[in-house]
Amino acid sequence: MAKELDKFFESYLSKKPLFKNKKALQDQFTPENISHRDEQIEQMAGILAPALRSEKPSNIFCYGKTGTGKTVVARYVADQIMETAEKRGIPLEIVYLNCKMKRVADTEYRVIAQLCNIFGKAVPATGLPTDEVYKSFVNTIEEKNKLIILVLDEIDQLVEKAGDGILYNLTRLNSELKRSQISIIGISNDLVFVDNIDPRIKSSLSEEELVFPPYNALQLQDILKERVKLAFRPGVLEEGVVEKCSAYAAREHGDARRALELLRVSGEVAERKNKLKIDIKHLDEAEEKIERDRIVDIITTQPKQSQLTLHSIFSLNFNGNKGLFTGDVYDIYKNNCNKCGLKPLTQRRVSDIIAELDMLGVINAKVISKGRYGRTREISLAIPDSSVNEVKEILLDSLNL
DNA sequence: GTCAATTCACATGAAAGAGACCACGGTCTAGTG
DNA sequence: CTAGACCGTGGTCTCTTTCATGTGAATTGACGA
């Protein structure tokens, strides 16, 4: 066995890798030139430019669907402006914070605490009153005596979880600051997000607005080709792979991130199969794999109660029932709870869990009215047949059934 | 047959509670000089 | 005398429960044709 493994590694190394630089296909990568976003880059640069004269730039609000280049553009412009500022010794600091990161920046307290930490003031992860942390934050940046640009990525997630109070406080902060100033760049995936926040905050937050429209298939192709040059060794892609890949992604609202992921995974699939080229079949496989991984990932990270709810839906579904309703699921769920020793939750909560599972795309749950027979959710599985068994295994395993 | 009222089985909202975390400050304890 | 262990307090955060209110169409039953 040891010898075989030895051989395996040898042959692995002797193989010519398909990838030249895989990083170019990953999320955090900031390419040197960004195609089809010149307009946004120019606008953003124009708005932020006053920072170089130590004047507070307007707050910017960027929105557009996922994978339309918002983050990349923001990072790119930030990098460039920082470079200039450093060269000239201009007191400017740009902080990037992704509000979606769980347990790091998804509540008001944590965002402020995180910012304090970034600015070099240690603040406990919890335990202090929020206004205390605010004070500490104000003092810290006041000491800095700098212009600060705060990039809040996925700001919609933050507001959804923590309310818009934090934005209000942040925008108001400038009046308390004497020596430093803060500008905010908010980035949101949610297009209607601005309509739901307090109009006062809205007006101060989105002094300038940048819209990022989805890429169309041709633009995606350009972007992919650009990255392919960086990421793969020449000639490893079959004809038509890039085209099909961008077509896939364009169908999904022009999401460039997804297109890049698809390409990366196809490369990995082909590599694992010892192929010298990546063809369209690999692309299909990659798509399936991404979807399967996504679902498996979602399910394994769910809390036990959610898993049990899902398991109950599974077992009902397997008995051939077509119309599954909340009440049925809850009955089975309660039985299952007894079986594996969990304390059953109330129906109210299970109803929410079902809604959450629907949001995650694991099941379809549609609210229907059955007239005299009440209102309920009609539930069905949204998992492709090919992964149903795998998921079932995972659930049984995780629940010790 | 038509129409409004009724009714069901939850959905959906709001508020409050429980329990896990965490830091802080005070007190106790054991080790050190 | 001091560092570290140990507690109680006061705060946040997440997950739940409790209580209240909302909802949409099948059903019902009165009414008129």
Side-chain angles (χ1 to χ4, degrees), chain A residues 97-117 119-140 154-155 157-170 192 196-198 298-313 316 321-338 340-360 362-380 398-399:
Chain A
L97 196 61
N98 189 331
C99 307
K100 205 171 129 191
M101 286 164 69
K102 278 226 158 170
R103 308 215 142 258
V104 177
D106 56 354
T107 69
E108 177 166 11
Y109 180 95
R110 292 217 261 255
V111 168
I112 303 298
Q114 185 66 23
L115 288 175
C116 283
N117 287 332
F119 287 120
K121 165 104 183 174
V123 161
T126 163
L128 260 56
T130 307
D131 53 338
E132 196 77 17
V133 185
Y134 261 109
K135 264 183 227 157
S136 168
F137 176 59
V138 170
N139 290 338
T140 317
E154 319 238 12
I155 199 171
Q157 302 276 331
L158 174 64
V159 171
E160 192 178 305
K161 293 198 77 172
D164 49 13
I166 179 168
L167 295 183
Y168 180 70
N169 286 330
L170 278 177
V192 294
N196 299 330
I197 58 177
D198 191 315
I298 288 173
I299 288 171
T300 44
T301 52
Q302 284 302 299
K304 284 262 185 304
Q305 299 283 7
S306 285
Q307 290 183 349
L308 193 57
T309 311
L310 188 60
H311 174 72
S312 309
I313 295 170
L316 270 173
N321 301 19
K322 272 181 279 164
L324 273 186
F325 305 114
T326 308
D328 310 337
V329 173
Y330 186 66
D331 288 343
I332 301 289
Y333 160 82
K334 258 201 300 200
N335 274 336
N336 284 336
C337 271
N338 292 334
C340 57
L342 267 109
K343 188 173 148 262
L345 300 173
T346 51
Q347 181 157 336
R348 174 73 186 82
R349 178 64 190 131
V350 172
S351 169
D352 276 350
I353 288 177
I354 290 173
E356 282 161 23
L357 289 173
D358 177 43
M359 287 275 289
L360 291 170
V362 184
I363 59 174
N364 292 316
K366 203 171 125 207
V367 178
I368 55 160
S369 176
K370 293 192 291 168
R372 189 71 205 270
Y373 305 107
R375 237 161 91 84
T376 182
R377 282 198 175 88
E378 194 178 45
I379 301 162
S380 60
S398 151
L399 295 164

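Chain identifiers are assigned alphabetically (A, B, ...) following the order of the sequence lines, protein sequences preceding nucleic acid strands; residue numbering begins at 1 within each chain. Not measured: the values here are computed from a predicted model.
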Practice task
Identify, with sequence neighbours excluded, every residue that meets salt bridge (Lys or Arg N to Asp or Glu O under 4.0 Å) alongside A/Asp331.
Solution key: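 Applying salt bridge (Lys or Arg N to Asp or Glu O under 4.0 Å) to A/Asp331 gives none.
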
Problem - Intermediate values then yes/no, side-chain contact (heavy atoms from CB on, under 4.5 Å), A/Leu310 and A/Gln302 - result: CA-CA 10 Å; A/Leu310 188 60; A/Gln302 284 302 299; over 6 Å; no

Rounded to the nearest angstrom, tell me the gap between atom [atom1] in [X] and atom [atom2] in [N].
X        : N      : atom1 : atom2 : answer
A/Lys366 : C/dA25 : NZ    : P     : 11 Å
A/Arg348 : B/dA15 : CZ    : P     : 14 Å
A/Met359 : B/dA11 : CE    : P     : 16 Å
A/Leu345 : C/dT14 : CG    : P     : 18 Å
A/Arg349 : B/dA14 : CZ    : P     : 17 Å
A/Gln347 : C/dT17 : CD    : C1'   : 13 Å
A/Ile354 : B/dA9  : CD1   : C1'   : 13 Å
A/Ile112 : C/dC13 : CD1   : C1'   : 16 Å

Under 4.0 Å between a side-chain N/O of [X] and OP1 or OP2 of [N], yes or no?
X        : N      : value
A/Arg377 : C/dG24 : no
A/Thr346 : C/dT16 : no
A/Ser351 : B/dC10 : no

Handout entry: Minimum-distance nucleotide to A/Ser369 side chain [options: C/dT17, B/dT12, C/dA25]
Key =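 Output: C/dA25.
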
Practice task
Check side chain to side chain contact (heavy atoms under 4.5 Å, CB included) between A/Lys370 and all other residues, then give those that pass, not counting sequence neighbours.
Solution key: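 A/Lys370 satisfies side chain to side chain contact (heavy atoms under 4.5 Å, CB included) with A/Phe325, A/Ile368, A/Tyr373, A/Thr376 once adjacent residues are dropped.
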
So which heavy atom on [X] is nearest to which on [Y], and how close?
X        : Y        : value
A/Ala365 : A/Asp358 : N-OD1, 3.2 Å
A/Gln307 : A/Thr300 : NE2-O, 3.7 Å
A/Tyr333 : A/Lys343 : OH-O, 4.2 Å
A/Ser312 : A/Val329 : CB-O, 4.1 Å

Exercise for the section: Compute the angle between the rotation axes at the two ends of the helix from B/dG1-C/dC31 to B/dG31-C/dC1, each taken over five pairs, rounded to 10 degrees. Expected result: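 End-to-end axis angle for the helix from B/dG1-C/dC31 to B/dG31-C/dC1: 20°, rounded to 10°.
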
Practice task
Test side-chain contact (heavy atoms from CB on, under 4.5 Å) on A/Leu345 and A/Ile353 and set out the steps.
Solution key: CA-CA 10 Å; A/Leu345 300 173; A/Ile353 288 177; 3.9 Å; yes

Exercise for the section: Name all residues meeting the side chain to side chain donor-acceptor pair (under 3.5 Å) criterion together with A/Arg348; count only those two or more places apart in sequence or in a different chain, and write none if there are none. Expected result: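 For A/Arg348 the side chain to side chain donor-acceptor pair (under 3.5 Å) partners, ignoring immediate neighbours, are A/Asp352.
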
Problem - Side chain to side chain, A/Leu308 and A/Cys337, heavy atoms closer than 4.5 Å - result: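 Side-chain contact under 4.5 Å: yes.
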
Practice task
Encode nucleotides 3-8 of chain B as B, S and - characters from 5' to 3', where the letter depends on protein heavy atoms closer than 4.0 Å: B to the base, S only to sugar-phosphate, - to neither.
Solution key: ----BB

Problem - Side-chain donor or acceptor of A/Ser351 paired with backbone N/O of A/Gln347 under 3.5 Å - result: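 Not confirmed, A/Ser351 side chain does not pair with A/Gln347 backbone.
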
Exercise for the section: Would you give the length of the straight line joining atom CZ of A/Arg377 to atom OG1 of A/Thr326, rounded to the nearest 0.5 angstrom? Expected result: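 Those atoms lie 6.0 Å apart.
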
Quick test: give all pairs of protein nitrogen or oxygen and nucleotides 17-20 of chain B nitrogen or oxygen below 3.5 Å, distance rounded to 0.1 Å.
none

